[in-house]
Amino acid sequence: MSRQYTGTTGKVTHCQAGVSLHLASDGASVAVDWRLLLPESWDPASPKADPIKTARRVQCGIRAEVGHAEKWQPALDMIDETRSWGVEVPLAVADGGYGDAAAVRLSLEEHGLHYVVGISTTTTAHPEDARPHTPPCGGRGPRPRPPTRSWPRR
């Protein structure tokens, strides 16, 4: 266990956290895959590694190849694994912990998956053809500053 954020409490607390993948229909839901989210302090390859916690990995049955990953990375790995079993994932649904990560949304699109994800109130969305521009100065007040580019150029 380690201090980390958990959505269950809505704060950083001493806990274990995991990610699960569920398949659902109108009549049922079943967990088909799950992963432990390993904090950086438990990952010997991390600069934030704690020698006492990394030594406990063997006692806890944590395989050597398992390291810290952002919450969304195991979720994408589980979708890929589930699809490799021949199980189709017609729609991915996730909360803002996943939806706020552009890498998740881009990966789901690259895999051709439909998705519905939550996002925080500070996440912005722009049409695909949006381009930053500086409006002309009307002569009153300070000159407009060029916009901050927040999406990749094409």
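None of the values given here were measured: they were computed from a predicted structure. Every heavy atom of this structure was used, including side-chain atoms; hydrogens, water molecules and symmetry mates were not.
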* Structure fact -> Correct closest heavy-atom pair for Leu37 and Pro74 would be CD2-CG, 3.9 Å

* Structure fact -> Residues passing the side-chain contact (heavy atoms from CB on, under 4.5 Å) test with Val66, sequence neighbours excluded, are Leu38, Arg57, Ile62, Arg63

* **Spatial distance of atom CD (Glu40) from atom CG (Asp43) [nearest 0.5 Å]** => 8.0 Å

* Answer whether the closest heavy-atom distance between the side chains of Val116 and Leu91 falls below 4.5 Å. => yes

* **Minimal non-hydrogen separation, Val19 against Ala75, with atom names** => CG1-CB, 4.0 Å

* Structure fact -> Of all heavy-atom pairs linking Lys53 and Ser41, the shortest is CD-OG, 3.6 Å

* Only counting residues at least two apart or in another chain, list the ones meeting side-chain contact (heavy atoms from CB on, under 4.5 Å) with Ala101. => Trp72, Val104

* Evaluate side-chain contact (heavy atoms from CB on, under 4.5 Å) for Leu113 paired with Ile79, printing each intermediate quantity in order. => CA-CA 10 Å; Leu113 291 171; Ile79 290 172; 3.7 Å; yes

* To do: May I ask whether Val89 and Trp85 are part of the same hydrophobic cluster, defined by side-chain heavy atoms of I, L, V, M, F, W, Y residues being less than 4.5 angstrom apart, directly or through others?
  => yes

* Pairwise distance NZ(Lys71) to OH(Tyr98) - rounded to 0.5 angstrom -> 4.5 Å

* Which heavy atom of Ala103 sits nearest a heavy atom of Leu76, and at what distance? -> O-CD1, 4.4 Å

* Mind listing the closest non-hydrogen atom pair of Leu21 and Met78 along with its distance? => CD2-O, 3.7 Å

* Is it the case that more than 12 heavy atoms not belonging to Ile52 sit under 6.0 Å from its CD1 atom? -> no

* If you look at every heavy atom in Ser20 and His22, which pair is closest and at what distance? -> OG-NE2, 2.9 Å

* To do: Could you tell me whether His114 atom NE2 has more than 12 heavy atoms of other residues or ligands within 6.0 Å of it?
  => no

* Rounded to the nearest 0.5 Å, what's the gap from NE2 on His68 to CD on Glu70? Could you check? => 4.5 Å

Atom pairs and distances, side-chain donor-acceptor, residues 29-36, under 3.5 Å, sequence neighbours left out:
from: Asp33; atom 1: OD2; to: Arg35; atom 2: NH2; distance (Å): 3.4
from: Arg35; atom 1: NH2; to: Glu81; atom 2: OE1; distance (Å): 2.3

* To do: Report the distance from atom OG1 of Thr123 to atom CG of Asp100, rounding to the nearest 0.5 Å.
  => 3.5 Å

* **With Asp50 via salt bridge (Lys or Arg N to Asp or Glu O under 4.0 Å) - residues at least two apart** => none

* Sequence neighbours excluded, which residues qualify as side-chain contact (heavy atoms from CB on, under 4.5 Å) partners of Pro51? -> none

* Residues in side-chain contact (heavy atoms from CB on, under 4.5 Å) contact with Gln59, at least two apart in sequence or another chain -> Arg56

